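To keep things clear, I will list the structure first and then write my remarks on it.
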Number of protein chains: 2
Amino acid sequence: MEGKPKKILIADDEPDILEIISYNLSREGFEVYTAKDGNEAIERAKQLHPDLIILDIMMPRKTGVEVCEILRSQPMFQDTLIIFLTAMSDEASQIKGLETGADDYVNKPISPKVLVSRVHALFRRVNNNETGKTLKLGNIQIDPVKFMVSIDGQEIVLAKKEFELLYLLASRPGRVFLRNEILSQIWGNDVIVGDRTIDVHIRKVRQKLGVDCITTVKGVGYKFDI
Amino acid sequence: MEGKPKKILIADDEPDILEIISYNLSREGFEVYTAKDGNEAIERAKQLHPDLIILDIMMPRKTGVEVCEILRSQPMFQDTLIIFLTAMSDEASQIKGLETGADDYVNKPISPKVLVSRVHALFRRVNNNETGKTLKLGNIQIDPVKFMVSIDGQEIVLAKKEFELLYLLASRPGRVFLRNEILSQIWGNDVIVGDRTIDVHIRKVRQKLGVDCITTVKGVGYKFDI
DNA sequence: ATTTTGTGTAAACATTAGGTTAACATGGAA
DNA sequence: TTCCATGTTAACCTAATGTTTACACAAAAT
């Protein structure tokens, strides 16, 4: 199964670097966005919820380290991967960076090939998610192979999108999925649908299941709970 | 750090390096084992099931890359973390290494400090999938993934802003956050809200938690304390 | 080809929880 | 006292979500 393209945000004040990295990463099938300083990085991160953020350390209007700290202090960026770029092989700041919560560290001058493979390595590890297993949660069974949901043995027919939605949420019970996440996982990043579309599907699932197992976290997203 | 100590296996043919790394990692509380060539590395890996394996690329009786490939082909080593050490900043082998399934890559000459922080960063990343980012402070648990707070197992529902506020304060217990800091972290720099807004949210959190864990530092800000 | 059925999306509207404000209360320090 | 910073409360307003209906489109059935 082809996953949806990952979103990557790159922040650097040097346009050349921005372009080289963008080019190489989009060629790999990533969806690349850019920012040219710290504040813009934060702003765009909040809109986009990228899967990975590549931060130059030395940037105007907030350094990469500062940006990282600010984002990491917010719950919704706990899962976001962060890679630092730095001109100096300055050991101290390298350590500082990693302790701040970065996931990797790449020295300039940047080799596009190396960067690309590090990015892949990061995603490979994170992506090792469960796939295609039958979920059993309380009295609810969700079988992605048979494309079937049953409650207490009673079968329920869901439409494709409804099923995908339920399966996504149920794959990590309790975990809150942001609307953005849901969109990019189920619809893909490039597809544009209206704001109410998710709600409508959520409603249908709730209605069909009868059981109240999807909780709304207002301003954030939805989660599966029993 | 809680939980059982992590097991780390180090494979290198230079005794000096082995010793330096072992020393530094065991000082950090890791359980360290060593191997002096590729075959020994595989053997010990099978006995020990380490959480992390640090492999020198250039080793007699199977290179690090070969060891990595062999281990990765077995299901039980799918999740094991692997770091490569290399003498050269040889780009080609670096890429090869990462594509082979390594999780990180460190160049020689090795700085113990850098290695140690990379190791920590790796574990943090992996641990994060479950509980790493959950804050546990006394009897209070704050789980940003589930967007949920519980005291003595009793779940408490917070609104978004309330949760963000609590999470921010609790992320650095004892540290005082200035009102300005709080504003810029949670509301953003451009948003303007009245003076009382923070107080009101603080109040709601205090009220909902029941426990008195947010202290006012008059004229300065707020801090989380138990 | 035509009809039927089901799905996904949009648009319009209803509803509510969350966030903010404003007005007033308190309490400590100078 | 008089200030000033923060606490408290309740009313208000809005953004976010819920709900319903309608329609386009495709697949299946006729």
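We name chains A, B, ... by the order of the sequence lines, and we start the count at 1 in each one. Remember, predicted model here, so these are calculated numbers, not experimental data.
For DNA chain C, the contact window with chain A, defined by any atom under 4.0 Å from a protein heavy atom, covers dT7(C) to dG18(C) in 5' to 3' order.
The CZ-C1' distance, from Arg196(A) to dA16(D), rounds to 7 Å in whole Å.
Contacts of residues 197-212 of chain B with DNA chain C (heavy atom under 4.0 Å): Thr197(B), Val200(B), His201(B), Lys204(B). Within residues 175-195 of chain B, the residues that place at least one heavy atom under 4.0 Å from DNA chain C are, in residue-number order, Trp187(B), Val193(B), Gly194(B).
Of the candidates dA16(D), dG18(D), dT6(D), the closest approach to any side-chain atom of Lys218(B) belongs to dT6(D).
The one candidate from Gln141(A), Lys146(A), Met148(A) that meets the side chain to side chain contact (heavy atoms under 4.5 Å, CB included) condition with Glu155(A) is Met148(A).
Every pair passing side chain to side chain donor-acceptor pair (under 3.5 Å) that includes a residue from residues 189-200 of chain B is listed here, sequence neighbours excluded: Arg179(B)-Asp199(B), Arg196(B)-Asp199(B), Asp199(B)-Tyr222(B). Applying the ring pair (Phe, Tyr, Trp, His ring centres under 6.0 Å) rule to pairs touching residues 7-30 of chain A yields Phe30(A)-His120(A), Phe30(A)-Phe123(A), sequence neighbours excluded. Applying the side chain to side chain donor-acceptor pair (under 3.5 Å) definition to pairs two or more places apart or across chains, those involving residues 40-54 of chain A are Lys36(A)-Glu40(A). For residues 201-224 of chain A, every residue pair satisfying the salt bridge (Lys or Arg N to Asp or Glu O under 4.0 Å) rule, not counting sequence neighbours, is listed here: Glu162(A)-Lys208(A), Lys223(A)-Asp225(A). Residue pairs meeting the salt bridge (Lys or Arg N to Asp or Glu O under 4.0 Å) criterion with at least one member in residues 164-176 of chain B, sequence neighbours excluded: Arg175(B)-Glu181(B). Residue pairs meeting the ring pair (Phe, Tyr, Trp, His ring centres under 6.0 Å) criterion with at least one partner in residues 185-208 of chain A, sequence neighbours excluded, are Trp187(A)-His201(A).
Side-chain contact between Ile151(A) and Leu209(A) is present, with heavy atoms from C-beta onward closer than 4.5 Å.
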Pairs under 3.5 Å (N/O, protein and nucleotides 25-27 of chain D):
none

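Put simply, Tyr222(A) has a side-chain N or O that comes within less than 4.0 Å of OP1 or OP2 on dG18(D).
Taking Arg27(A) as the reference, nothing meets the salt bridge (Lys or Arg N to Asp or Glu O under 4.0 Å) condition, with sequence neighbours excluded. The salt bridge (Lys or Arg N to Asp or Glu O under 4.0 Å) check on Glu31(A) picks up nothing, with sequence neighbours excluded.
The shortest heavy-atom contact between Thr80(B) and Arg72(B) is O-NH1, 2.8 Å.
Within 6.0 Å of CD on Glu19(A) lie no more than 12 heavy atoms contributed by other residues, nucleotides or ligands.
No donor-acceptor pair under 3.5 Å is formed between the side chain of Glu28(A) and the backbone N or O of Leu25(A).
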